[in-house]
Amino acid sequence: MVYHEIYEIKGCYKLIRSLIKGVGSYAPPKVLTNADLCDMVNTSDEWITSRTGIKERRIARDNVTTADIATYASKAALEMAKIDPLEIDLIILGTVTPDMLFPATACMVQHRLGLKNAAAFDISAGCSGFIYSLSIADSFIRSEKFKNVLVVGVDILSRITDYTDRATCILFGDGGGAAVLSANYNGGRGILSTHIHAEGGHDDILKLPAGGSCMPASLGTMTNRAHFIKMKGSELFKYAVTYLKDVAMEAILYNNLKPEDIDLFIPHQANMRIVEATAKKLGFPMEKVFVNLQKYGNTSNGSIPLALDEAYRSGRVKEGDIVLVDAIGAGLTWSSALIKW
Ligand SMILES: CC(C)(COP(=O)(O)OP(=O)(O)OC[C@H]1O[C@@H](n2cnc3c(N)ncnc32)[C@H](O)[C@@H]1OP(=O)(O)O)[C@@H](O)C(=O)NCCC(=O)NCCS
């Protein structure tokens, strides 16, 4: 137990943690393989596999939206948590591909799931959005503002991916997940800490230029393909390896732990080379690292909750395990959370 986790209330000390009571995820059934991409751009399965580790990704049908995926994933998480929907106090949804700029996609999910007592808002923090959302949810719970919070991370990156740009279209896919966090007044299990960072000076490395107030949609933005992801891949790669290692170490040290105390590391599922380099720097053997990017590619906000759900449902995470998650994304933003499952 760390001293800063204990709150003094009317002379009594109590430890509140946000327990992850339920997880759920959803990935659309349609698969886009490396072979499919070879028919679209000048690339090869060998190049994609050796540079990224990705073999295939999922693509949402035209009529499926971020709110749909968020709703499916949230339903599964709520079922696992066995919680009355009316007891959810708040929904936070991380995404860079909301259904619309406003209203928030979280409000659509709130309505569809009948979470009538929940406040709802979206978070835009690039691929860190899910962990940023976990951090906000954890703060609300530990400050006793709310008891039950639904945290969701979903993206349909195929809607903003340029399938004529071989440097980016091989990386991205669609999907997402959700987690139900509930106040645990007995201490022990739950989120041990979260750590969130940003460096806006690197805003040019990964961005979607058009569609905001800076470059509103016009015929010109359409012609210039400005509604698609623009990325400086090799620059981002270097920051990813450094920041993912730093923010993971920050979580470990903050909790007075050592890398060997971590049972499972779930890094942002962006690129196998980034995952392996980060794990090596942290001294984690690959058996302790969860990877599913070969099946989904980078799903941005969907990456961590999709992996968390799959890790739990496949038995890789058991009660009492110490699980470390971290992510990096546009902003730049980077973040981590340490969880006692
Ligand atoms: C995108 C990424 C896989 C590219 O790998 P890389 O080793 O950095 O490759 P480079 O961009 O330096 O390009 C090397 C060469 O491969 C070529 N290339 C790029 N994409 C290619 C593809 N899909 N198939 C074949 N060749 C490709 C480039 O044109 C370049 O050719 P050149 O040397 O003749 O100019 C890698 O930079 C990456 O993963 N970066 C991080 C991306 C990321 O994680 N983004 C999301 C974070 S939230």
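We count ligands from 1, going down the list as the structure has it; atoms in each ligand are counted the same way. All values derive from a computational prediction rather than experimental measurement. Residues take their numbers from the sequence shown, with the count starting at 1.
- For ligand 1 and Ala270, the ligand atoms under 4.0 Å from any heavy atom of the residue are 44 (O).
- Within ligand 1, counting atoms from 1 as listed, the ones closer than 4.0 Å to a heavy atom of Ala167 are 1 (C), 20 (N).
- Ligand 1 places these atoms under 4.0 Å from at least one heavy atom of Gly233: 37 (O), 40 (N), 41 (C).
- The part of Cys127 lying near ligand 1 is the side chain, judged by heavy-atom distances below 4.0 Å.
- Of all atoms in ligand 1, listed by their number and element, those nearer than 4.0 Å to a heavy atom of Thr43 are 22 (C), 23 (N), 24 (N), 25 (C).
- Heavy-atom proximity to atom 17 (C) of ligand 1, evaluated over Arg166, Glu46, Gln269, is greatest for Arg166.
- With respect to Asp204 and Lys230, no salt bridge is recorded, no charged nitrogen being found less than 4.0 Å from a carboxylate O.
- The closest approach between a heavy atom of Ile48 and any atom of ligand 1 is not below 4.0 Å.
- A salt bridge links Arg189 to Glu319: at least one charged side-chain nitrogen sits closer than 4.0 Å to a carboxylate oxygen.
- By the definition of a contact as any protein heavy atom under 4.0 Å away, atom 40 (N) of ligand 1 is in contact.
- Evaluation of the ring-ring contact (aromatic ring centres under 6.0 Å, His included) rule for Tyr26 yields Tyr72 as partners, not counting sequence neighbours.
- Phe265 and Phe284 have tilted rings, their planes meeting at an angle from 30° to 60° on a 0 to 90° scale.
- The ligand atoms of ligand 1 that sit less than 4.0 angstrom from a heavy atom of Met231 are 1 (C), 42 (C), 45 (N).
- Proximity to Arg51 (heavy-atom distance under 4.0 Å) selects the following atoms of ligand 1: 6 (P), 7 (O), 9 (O), 14 (C).
- Residue contacts with ligand 1 for Ile274 involve side-chain atoms from C-beta outward but no N, CA, C or O (heavy atoms, distance under 4.0 Å).
- A salt bridge links Arg313 with Asp309; the closest basic N to acidic carboxylate O contact falls under 4.0 Å.
- When non-hydrogen atoms are compared, ligand 1 lies under 4.0 Å from the backbone of Ile328 (N, CA, C, O) but not from its side chain.
- Each of Val96, Val152, Leu93 was evaluated against Asn301; a single residue qualifies, Val96, per the side-chain contact (heavy atoms from CB on, under 4.5 Å) test.
- Note on Arg316 versus Asp263: no salt bridge recorded, every NZ/NE/NH1/NH2 to OD/OE distance being 4.0 Å or above.
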